[in-house]
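Residue indices begin at 1 and follow the sequence shown. Just so you know, these numbers use all the heavy atoms, side chains as well, and skip hydrogens, waters and symmetry mates.
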Amino acid sequence: MSTVKPVVIIGAGPAGLMAADIISAAGYPVELFDAMPSPARKLLRAGVGGLNLTHNEAAERFITRYDEAQPIVAGWLAEFGQESVRAFARDLGIETFVGSSGRVFPVQMKAAPLLRAWLRRLNERQVQLHVRHRWTGWGPEGELVFSTPQGRRDVARRDAAATLLALGGASWPRLGSDGSWAAWLRDRGVALSPFRPANGGFSTHWSTHMLAHAGSPLKGIALTHEGASKRGEFMITRYGVEGGAIYALSRSLRERIEMDGNAQLQIDLCPDRTEAALGALLSRPRGRDSLANHLRRQIGLSGAKATLLRELSTAEQRAETLHLAAAIKSLPLTLTGTRPLAEAISSAGGVALDEVDKRLMLRKLPGVFCAGEMLDWEAPTGGYLLTAVMASGYMAGHGMVDYLR
Ligand SMILES: Cc1cc2nc3c(=O)[nH]c(=O)nc-3n(C[C@H](O)[C@H](O)[C@H](O)COP(=O)(O)OP(=O)(O)OC[C@H]3O[C@@H](n4cnc5c(N)ncnc54)[C@H](O)[C@@H]3O)c2cc1C
C-alpha cells in the first residue's frame, strides 16, 4: 500500500481519464470517481456516430474553431494537438484514419475498443475507479462529499494530494454530466458563464407538407449566416432543423436569436451551380411538364429539397425562371429558437477561462484543477470537442504532477 496521498479525480470522461493517465504514468496514486454506474458514457455515445476524434486540417485553421478561447486552447494544443490524439489512440492499439471530409476516426468507428484499452491501462497502473459516487460539493471542513448507494462518503481534505474536477458540460444529462456542480463552484467565488446549447438544433415552423419530410437529410447544400457559409447537410425535424451544417453555424445563430428573438439562415440548394447556370438550365423549354418535373429533369431537384423550395419561396418567384434560380441559391429560413440544452451535442459556458492558471488550477481554490467541457470554451463538431477535452486533461494532468512536485 502506498503511503503517498492519492490524487482525486472526479469525472471519468475523456478529460478525467486523460489526466488519470498522465498522473498514474508519473507514479502517483489516483482515485477516480464518477456518478454513473460505468465511466465515459458520453464518449461511448459519441462512438455511435463513429467517434470523430480530431480533424487533420492545418493547425492554423484548426485553432480558429475555438473562437475567442483560441489564445488559451492554442496553449493546450501546442502540448497535445491533432497528431497527439492519433498517437495516443495508436498507443492504445487503436489505428485511426482520415475520412473524406478530413475528420479523423478510429478504424473500428466506435468508442468501446478505445475505452476498454484505456481503462485496462489505468487499471494496470492501479488507478482506483469508484463508480456510483456522485460528488455533491464540499463539506464545512473542505472535505469532498459523495453520495453513493451505501450512503454518504467523504474524502477529507488531508487525504487528497490534489483534486481534479472533470465533470463535463450540461448537455445530455442522462449520460452523467448535468452541470449541478456549477452552484458549488459559484458558492466558492469561481466565475462561471451560464450554460447554453452548442451544436444543437433550432426551431422553426413547418407546414404539413414539410413535416412529411421530418427525418430526411438534405445533402449537398450550403448554409449561410451573417457572412459565414458551411457546405454539408442538415436534417428536417418535427421542430425545425439539426445536423452538421447547422451545428457549424450554431454559435452565431444562437447569439442572433438571443439578441433578436430569431435568426435568418440562407439555404443554397445547388451550391455547385451558379445562379446563371441554373437560370440557363431552367430556361429550357418545359413543354407540358409540371414545375416539379422540370426541376427534377433539369437540375435534379426533388424530394425534401423540392418541398423546401416550395415552402420558402413565393408563387411569383417560382413563376419566373430567373427569380426561381435566385431563390434556389438563397432560400430564407427563419429560426425562432434554440432547442433545449439537454438535446445539444455540447454546451457553451462553464468555468471562466481566466479562473484557471496555465496548469488549469483554480486561482481561488489552490490544489483544485478543472479540465474538459466544464471550462468555458466551445467548438463545432468535427473532432474539435474531443481534441480540446483530451488536451485540457493532458494539461491538468501535467499541471497536477508539477504541483505535487
Ligand atoms: C451524442 C453525442 C455525440 C458526440 N460526438 C462527438 C464526436 O464525434 N466528436 C467529438 O469531438 N465530440 C463529440 N461529442 C462531445 C464529447 O463527447 C464531449 O465533449 C466530451 O465527452 C466531454 O468530455 P468531458 O470529459 O469534459 O466530460 P464528459 O464526457 O461529460 O464526462 C464527465 C464525467 O463526469 C461525471 N460527473 C458529472 N457530474 C458528476 C458529479 N457530480 N459527481 C461525479 N461524477 C460526475 C459524468 O458522469 C461523466 O462521466 C459528442 C457528444 C454527444 C452528446
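- A ring pair (Phe, Tyr, Trp, His ring centres under 6.0 Å) check over residues 11-60, counting only residues at least two apart or in different chains, returns the pairs F33-H130, F33-H133, F33-F146, H55-Y384.
- With hydrogens and angles left out, the side-chain atoms of E373 and S347 include a donor and acceptor closer than 3.5 Å.
- Contact check on R251 versus E226 returns no salt bridge, with no Lys/Arg side-chain nitrogen under 4.0 Å from an Asp/Glu carboxylate oxygen.
- Under 3.5 Å, the side chains of S252 and H225 contain a donor-acceptor pair of N or O atoms.
- Every residue two or more places apart in sequence or in another chain was checked for a side chain to side chain contact (heavy atoms under 4.5 Å, CB included) with T208, and none qualifies.
- Taking the charged nitrogens against the carboxylate oxygens, R152 and D154 do have a contact shorter than 4.0 Å, which makes a salt bridge.
- Among residues two or more places apart in sequence or in another chain, the salt bridge (charged side-chain N to carboxylate O under 4.0 Å, His left out) test is passed with K219 by none.
- Remark: A112 pairs with L44, R116 by the side chain to side chain contact (heavy atoms under 4.5 Å, CB included) rule, at least two apart or across chains.
- A search for side-chain hydrogen bond (donor to acceptor under 3.5 Å, both in side chains) contacts involving E143 returns nothing, not counting sequence neighbours.
- Within the structure, side chain to side chain donor-acceptor pair (under 3.5 Å) contacts touching residues 297-306 (residues at least two apart or in different chains) are R284-Q298, D289-R297.
- Side-chain contact, N293 with R296: a donor N or O sits under 3.5 Å from an acceptor N or O.
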Working for side-chain hydrogen bond (donor to acceptor under 3.5 Å, both in side chains), residues T307 and H213: CA-CA 8 Å; T307 309; H213 293 281; 2.9 Å; yes
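- Under the side chain to side chain contact (heavy atoms under 4.5 Å, CB included) criterion, A46 pairs with L51, not counting sequence neighbours.
- Sequence neighbours left out, the pairs with a member in residues 182-205 that pass ring pair (Phe, Tyr, Trp, His ring centres under 6.0 Å) are W135-W184, W181-F195.
- K329 has a carboxylate O that lies under 4.0 Å from a charged side-chain N of D268, or vice versa, which qualifies the two as a salt bridge.
- In this structure D402 satisfies the side-chain hydrogen bond (donor to acceptor under 3.5 Å, both in side chains) test with no other residue, sequence neighbours excluded.
- A donor atom on one side chain and an acceptor atom on the other are not found under 3.5 Å apart for R310 and S313.
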Side-chain donor-acceptor contacts of residues 270-282 below 3.5 Å, not counting sequence neighbours, with atom names and distances?
unit_1, atom_1, unit_2, atom_2, d
D272, OD1, R231, NH2, 2.3
T274, OG1, A277, N, 3.0

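- A salt bridge is absent between K358 and E79: the closest approach of a Lys/Arg side-chain nitrogen to an acidic carboxylate oxygen does not fall below 4.0 angstrom.
- For T148 and R132, the side-chain atoms include no donor-acceptor pair closer than 3.5 Å.
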What pairs of donor and acceptor atoms, side-chain ones from residues 330-341 against any protein atom, are under 3.5 angstrom apart with sequence neighbours left out?
unit_1, atom_1, unit_2, atom_2, d
S330, OG, Q266, OE1, 2.9
T334, OG1, Q264, OE1, 3.3
T334, OG1, Q264, NE2, 3.0
T336, OG1, S203, O, 3.2
R339, NE, E343, OE1, 3.2
R339, NH2, E343, OE2, 3.0

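- Both tests hold for R188 against W138: distance to the six-membered ring centre under 6.0 Å, angle to the ring axis within 45°.
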Tabulate below the donor-acceptor pairs under 3.5 Å that side-chain atoms of residues 15-27 make, not counting sequence neighbours, or state none.
unit_1, atom_1, unit_2, atom_2, d
D21, OD1, W118, NE1, 3.4
D21, OD1, R121, NE, 3.2
D21, OD1, R121, NH2, 3.4
D21, OD2, R121, NH2, 2.8
S24, OG, A20, O, 2.7
S24, OG, D21, O, 3.2
S24, OG, R125, NH1, 3.1

